[in-house]
Amino acid sequence: MNDLSGLRFPPAVAAIYAESRARNFAMVSEPLTGVLLRTLAAAKSGGRFLELGTGTGAATAWILDGMDATSSLVTVDTEAELLAVAKTHLGADPRATFVHADAADFLQRAEGQQFDLIFADTWCGKYEALDLALRLLPHGGVYVIDDMNPQPNWPPGHETKVAGLLARLETDPHLRITKLSWASGLVLAVRVAG
C-alpha cells in the first residue's frame with residue numbers, strides 16, 4: 001500500500017508548499033501529517049481546533065479541508081511574515097482565525113477554553129508550556145505532535161528533550177497515547193476521564 005496513492009490534496013496546499021520552498025522555509029508539515037490531521041478534524045463535527053505554529057499554513061490547509069462548516073480553527077504563530085503567507089492562501093475561510101502572538105501568551109490567555117484537537121507544531125505547547133496546552137483538551141480531545149523522529153534541523157542534544165517529552169506523555173494518567181514512527185514521527189494523545 002502506498003500511503004499517498006490517490007490522495008486528494010487541499011486546493012491551497014500546492015501553492016503553500018511552492019511558496020515555502022521559494023522562501024527557504026523547510027519546516028512545513030508534510031503530506032502524511034496533513035492527511036492524519038484532516039482525518040482527525042473530520043471526526044469532530046462542530047469541533048474547535050487549535051494549531052500552535054502556523055508556519056506558512058500547510059497543516060492549516062489540511063485541517064481546514066477536514067473540518068465541517070460548523071467547526072472553527074484558531075492558528076497561532078509568532079512570525080508575522082510566515083503567518084501572512086498562510087493568510088494569503090487561507091484567510092478567506094471564515095472558519096479560520098489567524099493569531100499573531102507568542103504561543104505561551106496565547107495559551108495563558110486561553111485558560112478555560114477547550115479545543116477538540118490541538119496540533120502543537122512548535123516548541124511551545126510541546127517542549128514548553130505543555131501543561132497549559134493539555135489543560136485546553138476536553139475529555140475525548142486529541143493532542144497531536146510531529147517531528148518525534150530525528151530531524152536534520154535538530155539542535156545538538158535535542159534527542160534528550162524528545163525522550164523527556166515522550167516519557168511525560170507516556171506517564172500522564174489522563175492521556176492515552178499512540179506513537180507512530182510514520183511521517184516525521186507522530187504522537188496522538190487523547191484525554192480520558194480521571
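Contact record, Ile16 with Ala61: CD1-CB, 4.1 Å, taken as the closest heavy-atom pair. Minimum interatomic distance between Asp116 and Pro138 (heavy atoms only, all atoms of both residues): OD1-CG, 4.0 Å. Nearest approach of Ser29 to Ala59, heavy atoms of both residues: OG-CB, 3.5 Å. The two residues Val76 and Ala103 make their nearest non-hydrogen contact at CG1-CA, 4.2 Å. Closest of all the heavy-atom pairs between Gly125 and Ala120 is O-CB, 3.6 Å. Nearest heavy atoms, Ala86 versus Phe98: CB-CE2, 3.9 Å.
Hydrophobic clustering (ILVMFWY, side-chain heavy atoms < 4.5 Å, transitive): Met148 and Ile177 are in one cluster. Clustering ILVMFWY residues whenever any of their side-chain heavy atoms sit less than 4.5 angstrom apart, transitively, puts Val144 in a cluster other than the one holding Leu130. In the hydrophobic cluster analysis, where Ile, Leu, Val, Met, Phe, Trp and Tyr join through side-chain heavy atoms closer than 4.5 angstrom, Val85 is grouped apart from Val28. In the hydrophobic cluster analysis, where Ile, Leu, Val, Met, Phe, Trp and Tyr join through side-chain heavy atoms closer than 4.5 angstrom, Leu188 is grouped apart from Leu165. Cluster annotation: Leu169 is not connected to Val142 through the hydrophobic network of ILVMFWY side chains, with a link wherever side-chain heavy atoms come within less than 4.5 Å.
Partners of Glu159 under the side-chain hydrogen bond (donor to acceptor under 3.5 Å, both in side chains) rule, at least two apart in sequence or in another chain, do not exist in this structure. With sequence neighbours left out, Phe9 forms a ring-ring contact (aromatic ring centres under 6.0 Å, His included) with Trp62. For Asp93, the salt bridge (charged side-chain N to carboxylate O under 4.0 Å, His left out) partners are Arg95, not counting sequence neighbours. Scored by the salt bridge (charged side-chain N to carboxylate O under 4.0 Å, His left out) test, Arg135 finds Glu111 as partners (sequence neighbours excluded). Not a single side-chain hydrogen bond (donor to acceptor under 3.5 Å, both in side chains) links Thr78 to another residue, sequence neighbours left out. Listed by chain and number, the residues in a salt bridge (charged side-chain N to carboxylate O under 4.0 Å, His left out) with Lys161 amount to none (sequence neighbours excluded). Asp3 is linked by a side-chain hydrogen bond (donor to acceptor under 3.5 Å, both in side chains) to Trp182, counting only residues two or more places apart in sequence or in another chain. Every residue meeting the side chain to side chain contact (heavy atoms under 4.5 Å, CB included) condition with Thr97, not counting sequence neighbours, appears here in chain and number order: Val74, Val99. Remark: Arg168 pairs with Asp131, Asp172 by the side-chain hydrogen bond (donor to acceptor under 3.5 Å, both in side chains) rule, at least two apart or across chains.
In this structure, the side chain of Thr122 does not engage the main chain of Gly53 through any donor-acceptor pair within 3.5 Å. Judged by distance alone, the side chain of Asp146 and the main-chain N or O of Leu186 form no donor-acceptor pair under 3.5 Å. Between the side chain of Ser71 and the main chain of Gly47, a donor-acceptor pair closer than 3.5 Å is present. No donor-acceptor pair closer than 3.5 Å links the side chain of Arg48 to the backbone N or O of Ser72. A donor-acceptor pair under 3.5 Å links the side-chain atoms of Glu30 to the main chain of Ser184, judged by distance alone.
With 3.5 Å as the limit, one finds a donor-acceptor pair spanning the side chains of Thr56 and Ser20.
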Acceptor/donor pairs from residues 32-45 side chains to any protein atom, 3.5 angstrom cut, sequence neighbours excluded:
residue	atom	partner	partner atom	Å
Arg38	NH1	Arg8	O	2.7
Arg38	NH1	Asp65	OD2	2.7
Arg38	NH2	Arg8	O	3.1
Thr39	OG1	Val35	O	3.0
Lys44	NZ	Gly140	O	2.9
Ser45	OG	Asp68	OD2	2.7

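Identified under the ring pair (Phe, Tyr, Trp, His ring centres under 6.0 Å) test for residues 67-91, with sequence neighbours left out: none. The list of ring pair (Phe, Tyr, Trp, His ring centres under 6.0 Å) pairs with a residue in residues 110-131, not counting sequence neighbours, reads Trp123-Tyr127, Trp123-His158, Tyr127-His158.
Separation of atoms CD1 (Ile145) and CG (Asp121) is listed at 10.5 Å; rounding is to 0.5 Å. Between the OG1 atom in Thr54 and the CG atom in Asp77 there is a gap of 4.5 Å [rounded to 0.5 Å].
Looking at heavy atoms from C-beta onward, Asn24 lies out of side-chain contact with Arg21 at the 4.5 angstrom threshold. A heavy-atom distance below 4.5 Å is not found between the side chains of Thr60 and Ile63. Two residues are said to be in side-chain contact when any heavy atoms from C-beta on lie closer than 4.5 Å; Glu81 and Arg23 meet this criterion. Between Leu137 and Leu117, every side-chain heavy-atom pair lies at or beyond the 4.5 Å cut-off. Here the side chains of Leu73 and Leu50 are not in contact, with every heavy-atom distance at 4.5 Å or above. Put simply, the side chain of Asp105 reaches to within 4.5 Å of the side chain of Gln108, judged on heavy atoms. You'll find the side chain of Arg191 reaches within 4.5 Å of the side chain of Leu134, heavy atoms only. Cys124 is not listed as a side-chain neighbour of Phe106, based on a closest heavy-atom distance of 4.5 Å or more.
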- Message: For Val190 and Thr178: C-alpha separation, side-chain torsions, deciding distance, then whether side chain to side chain contact (heavy atoms under 4.5 Å, CB included) applies.
- Response: CA-CA 9 Å; Val190 176; Thr178 298; over 6 Å; no
- Leu136/Tyr143 under side chain to side chain contact (heavy atoms under 4.5 Å, CB included): CA gap, chis, key distance, verdict: CA-CA 10 Å; Leu136 302 181; Tyr143 171 80; over 6 Å; no
- Task: With side chain to side chain contact (heavy atoms under 4.5 Å, CB included) as the test, would you mind laying out the steps for Met27 and Gln151 before giving the verdict?
- Result: CA-CA 10 Å; Met27 296 185 296; Gln151 305 292 310; over 6 Å; no
- Please assess Arg109 against Asp102 for the test salt bridge (Lys or Arg N to Asp or Glu O under 4.0 Å), listing each intermediate value before the final yes or no. CA-CA 11 Å; Arg109 289 193 315 269; Asp102 176 79; over 6 Å; no
- Message: Does Leu166 form a side chain to side chain contact (heavy atoms under 4.5 Å, CB included) with Val187? I'd like the steps, not just the answer.
- Response: CA-CA 9 Å; Leu166 292 175; Val187 175; 3.6 Å; yes
